[in-house]
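Residue numbering restarts at 1 for every chain, and letters A, B, ... go by the order of the sequence lines.
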Protein chains: 2
Amino acid sequence: MEKKLEIFSHFEECPVRKVLNRCGDKWSVLILLVLGEVDNMRFNKLHKTIGDISQKMLTVTLRTLEADGLIKRTVFPEIPPRVEYEITERGKSLLVHINNLVDWAEENMEAIMESRVKFES
Amino acid sequence: MEKKLEIFSHFEECPVRKVLNRCGDKWSVLILLVLGEVDNMRFNKLHKTIGDISQKMLTVTLRTLEADGLIKRTVFPEIPPRVEYEITERGKSLLVHINNLVDWAEENMEAIMESRVKFES
DNA sequence: AATATTAGTTACTTGAAAGTAAGTATCTCA
DNA sequence: TGAGATACTTACTTTCAAGTAACTAATATT
């Protein structure tokens, strides 16, 4: 008899993957990191802070983060328009784990790069 | 005077991103989760266990995980060939954080799905 | 002599994600 | 009068990650 793995109880029809896919892409992570360091930030400031993101991707990523309740979007009905983004409690609770991953990456980066070079040869 | 954000000390030329990009994709995560639950596993067993991965992607993903020193590949010079894969200590130390993320996703999944539905309307 | 097994490789194709660039609305300021 | 600011949207194009399917080597098995 083969021992069955329990992993697919997590991944069957992938509800977890649905969540992780959205949290795992580079723009979402970057935006959460930025918004985790300030009270709030406006669209253009985010655009300038991140630098190499297109307006379109910034809009799209902000929308999905908002849809997941990880950030909050507040529109001030002024002209020119003002929209402020801030991280939510849920976003902060995710950010803890993301920061752990970033820390792990920083700690292990050098060794990993060495491994990669060694592997080439 | 504007306060400068420290985030780009991490992301400047993206050494962390280089690491996270490789660790963050769905196949790498799945393979690490599987290999984290067993002593070792052979190629075809991995293929059957994961199910919906192609041979090519399994090979490619195993190679990058090996290059990063997250898994170890052992070839037994037999015919037909036998190749065993096992997770390394470095891989295990990453897996801890991945599991934290999976746990977070499971805990928050329901609330996130509700948010998404609410957001549609 | 043909088929199965194992762990791949190779060449080709597809699809989704992301980039580019221009347009939009509304008011202010020079 | 027309340029600038703001937060987008839209249409089009490009890129590349991933999928598909066939092929390989060496031996054992039927």
Inset, instruction - Between C/dA18, C/dA7, D/dC8, spot the one nearest the side chain of A/Met57, thanks. - result: C/dA18

Legend entry - B/Glu78, CD: over 12 other non-hydrogen atoms inside 6.0 angstrom: yes

Legend entry - B/Arg63 and its side chain to side chain contact (heavy atoms under 4.5 Å, CB included) partner, picked from B/Thr61, B/Thr59, B/Val60: B/Thr59

Legend entry - B/Trp27, nearest nucleotide to its side chain (from C/dG8, D/dG19, C/dG19): D/dG19

Inset, instruction - Remember a base hit wins even if backbone is also touched, and classify A/Phe76 as base, sugar-phosphate or nothing at under 4.0 Å, heavy atoms. - result: nothing

Inset, instruction - Go through D/dT27, D/dA11, C/dA7 for me and flag the one nearest to the B/Ile79 side chain. - result: D/dT27

Legend entry - Side chain B/His97, main chain A/Trp104, donor-acceptor under 3.5 Å: no

Inset, instruction - Rounded to the nearest angstrom, tell me the gap between atom CG in A/Asp25 and atom C1' in D/dA17. - result: 15 Å

Inset, instruction - Using the closest heavy atom to pick a nucleotide of DNA chain C for each, name whichever of A/Pro80 or A/Ile53 lands nearer the 5' end. - result: A/Ile53

Inset, instruction - To the nearest Å, give me how far apart CZ (B/Arg82) and C1' (D/dA26) are. - result: 17 Å

Inset, instruction - Please name the pair of heavy atoms, one in B/Ala111 and one in A/Arg90, separated by the smallest distance, quoted to 0.1 Å. - result: CB-NH2, 3.4 Å

Legend entry - Whole-Å distance separating the CG atom of A/Asp52 from the C1' atom of C/dT20: 15 Å

Legend entry - Residue B/Phe43, side-chain atoms from C-beta onward, closest of C/dT6, C/dG19, C/dG8: C/dG8

Inset, instruction - Provide, to the nearest angstrom, the distance between the NZ atom belonging to A/Lys45 and the C1' atom belonging to D/dA5. - result: 16 Å

Inset, instruction - Give a yes/no on whether any side-chain N or O of A/Arg63 is located under 4.0 angstrom from OP1 or OP2 of D/dC8. - result: yes

Legend entry - Rounded distance (Å) that lies between atom C1' of C/dT5 and atom NZ of B/Lys48: 10 Å

Inset, instruction - Going by the side chain to side chain contact (heavy atoms under 4.5 Å, CB included) test, name the single residue among B/Val38, B/Leu35, B/Val34 that passes it with B/Thr49. - result: B/Val34

Inset, instruction - Among the candidates C/dT9, D/dC8, D/dG19, find the nucleotide nearest to the side-chain atoms of B/Lys56. - result: D/dG19

Legend entry - Side chain of A/Gln55 - closest among C/dA22, D/dA18, C/dG8: C/dA22

Legend entry - Rounded interatomic separation in angstrom, taking NE2 from B/His47 and P from D/dA18: 15 Å

Legend entry - Upstream residue (5' side of DNA chain D) when B/Lys26 and A/Glu84 are each assigned their closest nucleotide: A/Glu84

Legend entry - Separation of D/dG19 C1' from B/Leu58 CG (nearest whole Å): 14 Å

Legend entry - Value in whole Å for how far the P atom of C/dT9 lies from CG of B/Leu62: 10 Å

Legend entry - Phosphate OP1/OP2 of D/dA7: any A/Arg42 side-chain N/O under 4.0 Å: yes

Legend entry - Side-chain N or O of B/Arg73 closer than 4.0 Å to phosphate OP1/OP2 of C/dA7: no

